[in-house]
Engineer: 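Structure below; questions to follow.
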Amino acid sequence: MRDACATPDLLSLEKALIQILDALPKAEHEELLPLRQSLGRVLSRSIQSAINVPSFRNSYMDGYALHSADHGEELLTLIGTSWAGKPFTGKVRRGECVRIFTGAYVPKYCDCVVMQENVQRKGDNIHIITSPNQHENIRNIADDTSEGQEILTQGTLLEAAEIALLASCGIAKITVFKRLTVGFFSTGDELVSIGSQLQLGQIYDSNRYAIHALLTEAGVTAIDMGVIPDTPEAVEKALLAASQHCDAIITSGGVSVGEADFITDVLDKIGHINLWKIAIKPGKPFVFGSIDKTFFFGLPGNPVSVAISFQQILLPAFKKMMGYKKEYSPLTLQATLAQTIYKQPGRTEFQRGIAENINDTLVVNSTGNQGSHILSSMSKANCLIILEQGSGDIEKGQTVNIQLLGNSL
Ligand code: AMP
Ligand code: MG
């Protein structure tokens with residue numbers, strides 16, 4: 001039996017993503033920031049190092065710097081100390097050596113460092129037990145990066161590793177793309193904000209909290225516009241207000257064809273609708289459009305649909321708008337299904353799963369009830385099980401693709 005929601009006018013997830021990404025502009029507005037503040041931002045220009053790192057030969061170990069030609073001269077005279085930050089700049093002759101510490105300048109004429117564990121010291125006489133090879137225990141000039149080398153390319157996300165690399169090159173300020181500003185609101189007369197008592201028929205609005213968290217995790221400035229009642233006037237007013245100062249707007253709810261679903265009608269009136277049915281489960285009613293220069297993403301109301309459509313569609317869209325160089329393609333892994341999964345062909349399905357390593361095999365279980373209102377399934381899951389659009393039931397023991405959730409996304 002085919003999926004009853006899979007009507008012929010559905011657009012595949014892949015095609016929808018291509019259309020959405022094509023319609024979105026690339027990032028262009030830049031700003032110069034102190035290095036620390038650039039964490040989580042995207043580089044708008046490639047960066048070259050102005051210096052060699054390391055800029056001088058330095059020691060890998062605490063030990064003694066000497067010349068490898070002195071191998072066999074097992075007794076050397078200690079003539080000074082090179083400390084990290086206090087280099088020994090005197091001349092080292094044959095038969096002589098210098099006490100040296102990790103990170104300290106290796107004096108000229110010395111071409112290796114013997115570990116302190118491999119010598120016996122009596123006053124200024126150093127007896128070498130195990131001779132080092134030439135260059136041993138020395139970090140060379142430009143081992144890490146060289147002067148003029150491009151160390152990071154435009155479109156790189158600045159995480160802790162990139163911040164450290166830039167700092168090691170002495171770069172204090174960098175040019176990044178400006179943050180995106182995304183306004184969001186929920187629609188639905190049944191919704192109550194947390195902090196108030198529920199009356200019969202009401203539910204707490206969880207989507208605004210989910211969307212705020214997802215936007216914040218994605219490095220976007222999130223503007224919460226509250227709950228908007230299910231009337232075309234209220235929806236129109238909120239959309240027009242958001243379009244004045246946001247790069248994009250997200251709404252949840254009101255995009256189906258129910259009597260209280262006004263989003264598409266209003267968007268049609270004040271803006272432009274690009275497409276609105278994607279073959280994805282959960283998350284099928286989905287509106288993409290624009291109002292002037294502001295892009296619009298209308299998500300279904302069901303909380304799990306919000307999370308899945310955000311990850312699968314909005315995140316790639318925002319990444320393009322934020323200037324990321326890499327096409328967004330979350331890593332998929334193959335896992336063995338621990339139980340049969342029932343599915344009707346017609347839509348790409350993202351089931352919530354729990355993956356674990358059992359005897360060196362990645363095994364995945366469903367979290368149970370996959371209803372799009374079961375938020376606890378998102379919290380229990382550590383992965384999404386991806387079931388292809390055309391596939392039907394998948395038997396226990398078969399291999400499926402999974403996408404890890406959390407930091408690996
Ligand atoms: P809708 O897409 O407006 O028809 O809503 C579909 C389902 O999602 C309904 O059960 C709504 O009550 C629920 N829902 C809509 N908006 C929210 C929200 N902001 N938070 C939690 N559930 C919601
Ligand atoms: Mg509704």
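This chain uses plain numbering: 1 for the first residue, then up along the sequence. Just so you know, ligand 1 is whichever comes first in the structure, and atom 1 is the first atom listed for that ligand.
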Engineer: Below 3.5 angstrom, do we get any N/O pair linking R208 and ligand 1?
Structural biologist: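 N/O-N/O distance below 3.5 Å does not exist for this pair.
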Engineer: Which residue supplies the protein heavy atom nearest to atom 22 (N) of ligand 1, what is that atom called, and how far is it?
Structural biologist: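 Residue, atom and distance for the closest contact: I203 CD1, 3.4 Å.
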Engineer: So, do F184 and F297 have ring centers that fall under 6.0 Å from each other?
Structural biologist: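 Centroid separation for F184 and F297: 6.0 Å or greater.
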Engineer: Would you tell me which option among P285, G201, G254 has the nearest heavy-atom contact to atom 3 (O) of ligand 1?
Structural biologist: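 Nearest option to atom 3 (O) of ligand 1, by heavy atoms: G254.
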Engineer: Pull out every atom of ligand 1 sitting under 4.0 Å from any heavy atom of S252, numbered as shown with elements.
Structural biologist: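 Per the distance check, 19 (N).
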Engineer: Quick one: look up the protein heavy atom nearest atom 19 (N) of ligand 1 and list residue, atom name and how far away it is.
Structural biologist: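 Heavy-atom neighbour on the protein nearest atom 19 (N) of ligand 1: D205 OD1, 2.7 Å.
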Engineer: Nearest protein heavy-atom contact for atom 14 (N) of ligand 1: which residue, which atom, what distance?
Structural biologist: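 It is G301 O, 3.3 Å.
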Engineer: Answer with side chain, backbone, both or neither: which part of E190 has a heavy atom less than 4.0 angstrom from an atom of ligand 1?
Structural biologist: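 It is the side chain that gets close, since no backbone atom is under 4.0 Å.
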Engineer: If you have a sec, work out which protein heavy atom is nearest atom 21 (C) of ligand 1 and how many Å separate them, to one decimal?
Structural biologist: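 The protein heavy atom lying closest is S206 OG, 3.4 Å.
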Engineer: Is it true that G188 lies under 4.0 Å from ligand 1, counting heavy atoms only?
Structural biologist: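 The answer is no, since G188 has no heavy atom less than 4.0 Å from ligand 1.
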Engineer: Using a 3.5 Å distance criterion without hydrogens, assess whether the side chain of S366 forms a donor-acceptor pair with backbone atoms of G368.
Structural biologist: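 Checking the backbone N and O of G368 against the side chain of S366, a donor-acceptor pair under 3.5 Å is found.
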Engineer: In the protein, what heavy atom is nearest to atom 4 (O) of ligand 1, and what distance, to one decimal place, separates them?
Structural biologist: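 Atom 4 (O) of ligand 1 sits closest to the protein heavy atom S256 OG, 3.8 Å.
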Engineer: Checking a contact table here: which protein heavy atom is nearest atom 18 (C) of ligand 1, and how many Å away?
Structural biologist: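 Going by distance alone, atom 18 (C) of ligand 1 is nearest to N207 ND2, 3.1 Å.
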Engineer: Would one find more than 12 heavy atoms of other residues, nucleotides or ligands at under 6.0 Å from atom CG of D292?
Structural biologist: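 Not buried by this count: 12 neighbours or fewer within 6.0 Å.
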Engineer: Would N401 and T332 satisfy side chain to side chain donor-acceptor pair (under 3.5 Å), going step by step from the backbone distance to the final call?
Structural biologist: CA-CA 6 Å; N401 285 324; T332 53; 4.7 Å; no
Engineer: Would you compute the distance between atom CG of L33 and atom NZ of K173 and round it to the nearest 0.5 angstrom?
Structural biologist: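 If I round to the nearest 0.5 Å, the distance is 9.5 Å.
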Engineer: Counting only heavy atoms, tell me which of L375, L191, N302 gets closest to atom 7 (C) of ligand 1.
Structural biologist: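 Closest candidate by heavy-atom distance is N302.
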Engineer: Does a salt bridge link E31 with R41, judged by any charged N lying under 4.0 Å from a carboxylate O?
Structural biologist: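 Salt bridge flag = yes for R41 with E31.
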Engineer: By number and element, which atoms of ligand 1 are closer than 4.0 Å to a non-hydrogen atom of S186?
Structural biologist: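 Ligand 1 atoms under the 4.0 Å threshold to S186: 19 (N).
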Engineer: Consider salt bridge (charged side-chain N to carboxylate O under 4.0 Å, His left out). Of R179, K178, R45, which one does E30 pass it with?
Structural biologist: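 The option that passes is R45.
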Engineer: Counting from 1, what ligand 1 atoms have a heavy atom of Y204 closer than 4.0 Å?
Structural biologist: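 Going through ligand 1 atom by atom, the ones under 4.0 Å from Y204 are 20 (N), 21 (C).
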Engineer: Checking S12 now: which residues fulfil side chain to side chain contact (heavy atoms under 4.5 Å, CB included) with it, not counting sequence neighbours?
Structural biologist: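 S12: side chain to side chain contact (heavy atoms under 4.5 Å, CB included) contacts with E14, K15, Q389.
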Engineer: Look at atom NZ of K325 and say whether more than 12 heavy atoms of other residues, nucleotides or ligands are closer to it than 6.0 Å.
Structural biologist: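 Counting other residues, nucleotides and ligands, NZ of K325 exceeds 12 neighbours.
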